[in-house]
Number of protein chains: 2
Amino acid sequence: MATKRSNQIEAEELRQSTPSSTVLQAINPRQPIAAQIYERLRRAITTLSMLPSEALSEKELSLQLGVSRTPVREALIRLADEGLIDILPQRGSFVAPIRLRDVEEAQFIRESLEVAVSRRLAGGCSRRFLTEIKSNLYDQEKAVNTEALDLFLDLDEAFHRSFCEEAGLPKSWRVIQSVKLQMDRVRYLSLPDLGHLRVLLTQHRSIVDAIESGDVEKAGNDMAAHLREVLRTARKLSEQRRDLVEN
Amino acid sequence: MATKRSNQIEAEELRQSTPSSTVLQAINPRQPIAAQIYERLRRAITTLSMLPSEALSEKELSLQLGVSRTPVREALIRLADEGLIDILPQRGSFVAPIRLRDVEEAQFIRESLEVAVSRRLAGGCSRRFLTEIKSNLYDQEKAVNTEALDLFLDLDEAFHRSFCEEAGLPKSWRVIQSVKLQMDRVRYLSLPDLGHLRVLLTQHRSIVDAIESGDVEKAGNDMAAHLREVLRTARKLSEQRRDLVEN
DNA sequence: ATTGACACTCTACCATGGTAGTATGTATTT
DNA sequence: AAATACATACTACCATGGTAGAGTGTCAAT
């Protein structure tokens, strides 16, 4: 039976002979392999560096990454759970199309949860939270001004995550993050619009203001309006990019 | 290498020599094994036939069920994702305690989503749906009158699921079902209270009435009140049963 | 009696070989 | 030429063996 080492050497050779992609980078054998693979594939799919209907085979991925098929398989199962890939038994696994239906439902779930979270925070939150969230807003402005798109997206994610953290709702964030993936793919289709980013930043500020002033209704309404922005662009894109967006 | 057949025979012998439990029943090798095991363990945990801190070992389960460790492992991973078990690497997997924190957050997520679903249905739903849901209510009444507890729980689940189906929100139901597991365990601690079931049935009727009359506010409020019932009993129980409920 | 090292046993994690089922291309029949 | 049976080449799924690390008990040293 081949050892881990020989397996890794094979993979090393393979890596040199094939064109590299974001997925193909050294795996750290010290920490859980399945989680690393999941993370990497998730990123590749949400950033559209892997496109819908592209095939992901257990065997090929395990060879390319220099690991066995077991952790690859576990990563694929998680991705399928989150609707990012479709596993067809005995046929293959494929990146799922961007289904307008799924994006709409993701938006529904996110809105339901984040509106409730915002209302809760408007009902009471810590000084510390308000300080930190304003610091984040400041960073967002810098990112917009320097046109640092990826940075803005990271700050946006941190913005929404910190809401759940402050409210003491970690599982809610996990749900949001999971359905958010469907919306992220749409974002990457339409990203380089700087004016759009300014709109988002304004909305973020409006939400924070409402929370700070304790206006429960406004906090919820502003968050709802904010989250509907993404859906609007998704609907627009579904007309233009029928090659990538389904329904 | 041992074949599937010899493995199954070993398990057959083992099954005769050990005390049976709800988990130990013949696996159907025709359909996905991992899913069957997940379903079975999930049921055992939510119905409290497996209690918190009880150990689940890949090896032991695979022997008892007559399958290999791989599908067992996959089932355990899913259960851990849903917070029903804790996997401690290189130490073991154990049924998670009923954490009041988790129950409260499950309630929060469920309320956020189901209130939004109810409001949407109150804004418009099909005649067919109203007919079916009333038929379900009638069956619920029969179940209460005959004190058929398990039947009532099944009808209750169908009641809530049909809301999501009518609204065209299948993923939302998956999320609800997933967090609902935490609340179901609490229910099984306190179930045999017939009066409580009558309260739930009345609440169900009130929600349906609000939806039928198109009263969006009332539909949402009634659903929220309904879902808070379970949490109330959970809080009560957490005082009495410190052996099973944490926090 | 207390503490330390160390062997032993247990676990989940990963590697890898085997199996059944699906799709596809290729002969063979009509 | 069109349709059908069939071989072939895939796939995901499952079985099983190996490995590193965490817990525990024992025995030696202090």
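In what follows, chains are A, B, ... by sequence order, proteins preceding strands, each numbered from 1. Worth knowing before you read on, the calculation uses all heavy atoms, side chains too, and leaves out hydrogens, waters and symmetry mates.
By the side chain to side chain contact (heavy atoms under 4.5 Å, CB included) test, A:Arg43 pairs with A:Thr47, A:Tyr188, sequence neighbours left out. For B:Glu74, the side chain to side chain donor-acceptor pair (under 3.5 Å) test picks out A:Arg73, with sequence neighbours left out. Listed by chain and residue number, nothing satisfies the ring-ring contact (aromatic ring centres under 6.0 Å, His included) test with B:Phe152 (two or more places apart in sequence, or in another chain). Considering only residues two or more places apart in sequence or on other chains, A:Glu229 meets the side chain to side chain contact (heavy atoms under 4.5 Å, CB included) condition with A:His196, A:Val199, A:Leu200, A:Gln203, A:Arg232. Contacts of B:Glu165 classified as side chain to side chain contact (heavy atoms under 4.5 Å, CB included), with partners at least two apart in sequence or in another chain: B:Arg161. In this structure A:Ser172 satisfies the side chain to side chain contact (heavy atoms under 4.5 Å, CB included) test together with A:Cys164, A:Leu169, B:Glu105, B:Phe108, B:Ile109, sequence neighbours excluded.
Nearest heavy-atom pair across A:Ile98 and A:Leu48 is CD1-CD2, 4.4 Å.
If you measure from atom CD of B:Glu54 to atom P of C:dT11, you get 14 Å, rounded to the nearest angstrom. The separation between B:Arg78 atom CZ and C:dA12 atom P is 19 Å, rounded to whole Å.
Taking 4.0 angstrom as the limit, B:Ser68 places a side-chain polar atom (N or O) nearer than this to OP1 or OP2 of D:dA15.
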Between the protein and nucleotides 24-26 of chain D, list every N/O to N/O distance that falls short of 3.5 Å.
none

Any N/O pairs under 3.5 Å between the protein and nucleotides 9-12 of chain D? List them or say none.
from	atom 1	to	atom 2	distance (Å)
D:dA12	OP1	A:Leu56	O	3.4
D:dA12	OP1	A:Ser93	N	3.2
D:dA12	OP1	A:Ser93	OG	3.3
D:dA12	OP2	A:Glu58	N	3.4
D:dA12	O4'	A:Gln90	N	3.2
D:dA12	N3	A:Gln90	NE2	3.1

Atom pairs and distances, side-chain donor-acceptor, residues 79-87 of chain B, under 3.5 Å, sequence neighbours left out:
from	atom 1	to	atom 2	distance (Å)
B:Glu82	OE1	B:Tyr38	OH	2.5
B:Glu82	OE2	B:Tyr38	OH	3.2
B:Asp86	OD2	B:Arg99	NH2	2.8

